[in-house]
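Below is one structure, written out as structure tokens; the observations come after it.
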Amino acid sequence: MTEPAPPKPKSAPQKAMEKLGLVRDIDLALHLPLRYEDETRITPIAALHDNEPAQVEGVVVDCQVELRSRRQLLVRLKDESGTLLLRFLHFYPSQQKQMAAATRLRVRGEARIGFFGREMVHPVVKVVDDDTPLAQALTPVYPTSAQLPQAYLRKAVAAGLARADLREILPAGVVPRGLPSLKEALHYLHHPPPSASQDALHEHRHPAWERLKFEELLAQQLSQLQAQRERALLVAPALRARPGGLHEKLLAALPFQLTAAQQRVSEEIAQDLARAQPTHRLLQGDVGSGKTVVAALAAAVAIDAGWQCALMAPTEILAEQHFRKLIGWLEPLGLKVAWITGSVKGKARQKMLDAAASGEAQLVVGTHAVIEDKVKFAKLGLAVIDEQHRFGVAQRLALRNKLKAMDLEPHLLMMSATPIPRTLAMTYFADLDVSTIDELPPGRSPIVTKVFTESKRDDVIAKIRGAVADGAQVYWVCPLVEESEAVDLRNATETHAELSAALPGVQVGLLHGRMSPADKAAVMAQFSSGAMSLLVATTVIEVGVDVPNASLMVIEHAERFGLAQLHQLRGRVGRGAKASVCVLIYTPPLSDTGKSRLKAMAETTDGFEIARRDLDIRGPGEFMGARQSGAELLRFADLQEDAPLLVAARALAPRLLDQHPEAARRQVARWLGTKAEFLKA
Ligand code: ADP
Ligand code: MG
């Protein structure tokens, strides 16, 4: 009996290809060159320019090893116009032999023109005959990894390109004018003719590039549109506000009047809720614009109609603050609010779970613990996610899946203080309705931001003394508490001790992520009540913390924070009538991105402008937090530069989906494969 042959083990380059995602023929065909080498022409030796790459061909007149300052192989090459010295500092005996035996060589490298004539150090060498043909196309250089030799990859890509099914999926006439077919575009980009403009290729301006970007953007638009249409088929409870109902009672009980912007977005949300299709709306508004009360009003509508509402926040502190605020507003109206986070355990947790499952709790507030399997709702009508961008893609998908399991789909309202730039809103968030609060409640004064180096730290501490004497409350933000991280970081505990010593008579508190939730809550309560003047904190205060009397914030090592994070932190001050100041302390030297971030902070407090600059600095993948999942969403198109193509793709998507549904399906499969699901998160 013969044993079945074991499966052939994969070679290292094969494994490396898989790692790069080069599995299907189409993956290989879409693996585009980083740059090109020109092996299509021969430059006469006399015409070589200093430091420019070129290919020359000539006869070998001399080849020997010399011992100058170090051992080296010197080869003299001659053509009709002159001679060129080839210099090899590292070489194998076999190379020496090969070149000594050759009569003609074709070499490629950068010439150096020095005192002793023209030379090339370590050129790429090929032994040729009189009539060895030149390359017919520019030679592609692909992005690769250490285990994957360029020559191997080149062959694999050429083979993949030849095998891949590149037939046009899109019906004739729908592609923007002047763009080549996909097949032509790919062949061109892998093997451009000698006449091609390397600049246009490099800068992705060539029509072949445009075609690829268009295809990619179209696939992305189609998958969004499909998600949107699938959602439109789902049925949700129609929730209408009753005259004289909870919604009106809550409005009447609020200690302030809604701003015009709050009224407008509340109205938009109310219209969504009244429909029998699930709401899928993003409520955006800068930090402090008053989103929470808008969410509470939506919750009141849902609850009044006999349904439950869940509100999820990304951190315990924020969830707790919402909880306090909401019970303050809603319990007097006779509602029961439950509280579920990771730190609510044992009997207390079971009680909360029971209250959610029985429907006794009309509102459930918590962290992502709210979407865990154990949590059941009797009748969930509305889910609100605060600071939605802070939740990972995986958590957002988990929420989707949890909601999917219900008979009637709940309405979904997301809130974010990080506004989505227009191009992103048209792509990743294309299936979201967006409401924007573009106005702050009255009586707020703008925040002045100052940037100082470490050397001014003592002056800043002196300022705090004066501010506290005037009745101000102050945040001092430190980057981390883990000693394992860079030792030069002052950790919060040390800073707390230092500031307590430097500011005798000032109540200094400490808040960091390692404290128990109860301790955190106790410290926050002291600070909120005004009993504590200075709060030394890590970024646990980053999201949503609301103490209107706080008017000074100091952020240490500001260069280590991202721009969105700095803006969020700064939003903790400027919430009351007091003029507020945010001091950013950095330790030089600053990186270029560090510089742009601090500059942006000093120049603007407008969240939209901050988001736009953040997108410039970081790129869309990181902007959305997609980096955690390692998935690059757009490979070819650039949302900023390719806005015209995006507009064209956006216009085409609904037409294609209606008139050529099969083509639409194949387009998404070809381009997105398994990523389509991810895009819905
Ligand atoms: P964010 O949009 O950052 O979540 P919050 O909802 O926390 O902002 O609101 C910030 C503060 O402004 C809170 O103290 C809130 O009670 C208060 N607030 C909200 N709306 C108004 C308003 N129309 N007038 C006055 N204060 C308001
Ligand atoms: Mg908030």
Side-chain angles (χ1 to χ4, degrees), residues 247 250-269 281-300 311-330 332 365-367 384-391 413-420 434-447 473 475 524-525 527-530 539-551 553 564-578 580 582 605-608 610-611:
H247 179 264
L250 175 56
L251 263 182
L254 287 176
F256 48 73
Q257 289 251 311
L258 294 189
T259 61
Q262 283 171 320
Q263 273 171 28
R264 175 173 43 76
V265 300
S266 277
E267 186 50 38
E268 286 164 2
I269 293 166
R281 184 172 290 274
L282 176 72
L283 172 58
Q284 57 179 17
D286 212 343
V287 283
S289 61
K291 297 182 290 292
T292 317
V293 68
V294 174
L297 287 164
L311 190 148
M312 225 165 78
T315 67
E316 291 231 351
I317 288 205
L318 186 54
E320 162 127 23
Q321 186 178 289
H322 280 321
F323 178 64
R324 302 217 168 282
K325 189 154 259 177
L326 291 167
I327 48 179
W329 285 334
L330 299 174
V365 180
T367 56
V384 181
I385 310 181
D386 194 17
E387 308 292 348
Q388 64 94 25
H389 60 288
R390 298 291 311 254
F391 287 94
L413 176 64
M414 290 161 269
M415 306 200 285
S416 174
T418 306
I420 301 173
V434 178
S435 291
T436 305
I437 306 184
D438 51 7
E439 159 186 32
L440 294 179
R444 307 257 169 106
S445 42
I447 307 167
Q473 285 183 283
Y475 293 106
M524 273 321 289
F527 192 64
S528 297
S529 73
T539 49
V540 291
I541 63 153
E542 180 188 347
V543 275
V545 170
D546 183 35
V547 180
N549 190 49
S551 60
M553 168 170 286
Q565 210 178 9
L566 287 172
H567 181 65
Q568 284 279 337
L569 283 167
R570 180 172 58 183
R572 299 313 111 214
V573 293
R575 301 190 148 231
K578 269 209 183 84
S580 291
C582 174
T605 52
D606 174 355
F608 276 93
I610 294 270

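We count ligands from 1, going down the list as the structure has it; atoms in each ligand are counted the same way. What you are looking at is a predicted structure, and each value in this text was computed from that prediction instead of being measured.
Residue Arg575 has at least one heavy-atom neighbour below 4.0 Å for each of these atoms of ligand 1: 3 (O), 7 (O), 10 (C). Near Ser289, meaning under 4.0 Å from one of its heavy atoms, ligand 1 places the atoms 2 (O), 8 (O). Residue-ligand proximity, Thr259 to ligand 1, at heavy-atom distances under 4.0 Å covers atoms 23 (N). For ligand 1, the atoms lying closer than 4.0 Å to a non-hydrogen atom of Gln262 are 19 (C), 20 (N), 21 (C), 22 (C), 23 (N). For ligand 1, the atoms sitting less than 4.0 Å from at least one non-hydrogen atom of Leu258 are 23 (N), numbered in the order shown with element in parentheses. Interface of Gln257 with ligand 1, defined as ligand atoms under 4.0 Å from a residue heavy atom, comprises 22 (C), 23 (N), 24 (N). Near Thr292, meaning under 4.0 Å from one of its heavy atoms, ligand 1 places the atoms 4 (O), 5 (P), 6 (O), 7 (O).
Every residue meeting the salt bridge (charged side-chain N to carboxylate O under 4.0 Å, His left out) condition with Glu320, not counting sequence neighbours, appears here in chain and number order: Arg324. Annotation: side-chain contact (heavy atoms from CB on, under 4.5 Å) contacts of Glu439 (sequence neighbours excluded): Thr259, Ala260, Ala261.
Here the shortest heavy-atom pairing between Asp606 and Asp286 reads C-OD2, 4.0 Å. Listed here is the closest heavy atom pair of Ser551 and Lys578: OG-CD, 3.7 Å. Between Ala296 and Leu326, the shortest heavy-atom distance links the atoms CB-CD2, 3.6 Å.
Here the CG atom belonging to Asp386 is positioned 4.0 Å from the CE atom belonging to Met415, to the nearest 0.5 angstrom.
Under the 3.5 Å distance criterion, with hydrogens and angles disregarded, no donor-acceptor pair is assigned to the side chains of Ser416 and Gln284.
In terms of polar-atom proximity, defined here as any N/O pair under 3.5 Å, Pro441 makes no such contact with ligand 1.
Residue Ala417 places no heavy atom under 4.0 Å from ligand 1. For the pair Gly285 and ligand 1, no heavy-atom separation below 4.0 Å is found. Using a 4.0 Å heavy-atom cutoff, Lys325 is listed among the residues neighbouring ligand 1.
Using a 4.5 Å heavy-atom cutoff, the side chains of Tyr475 and Leu569 are not in contact.
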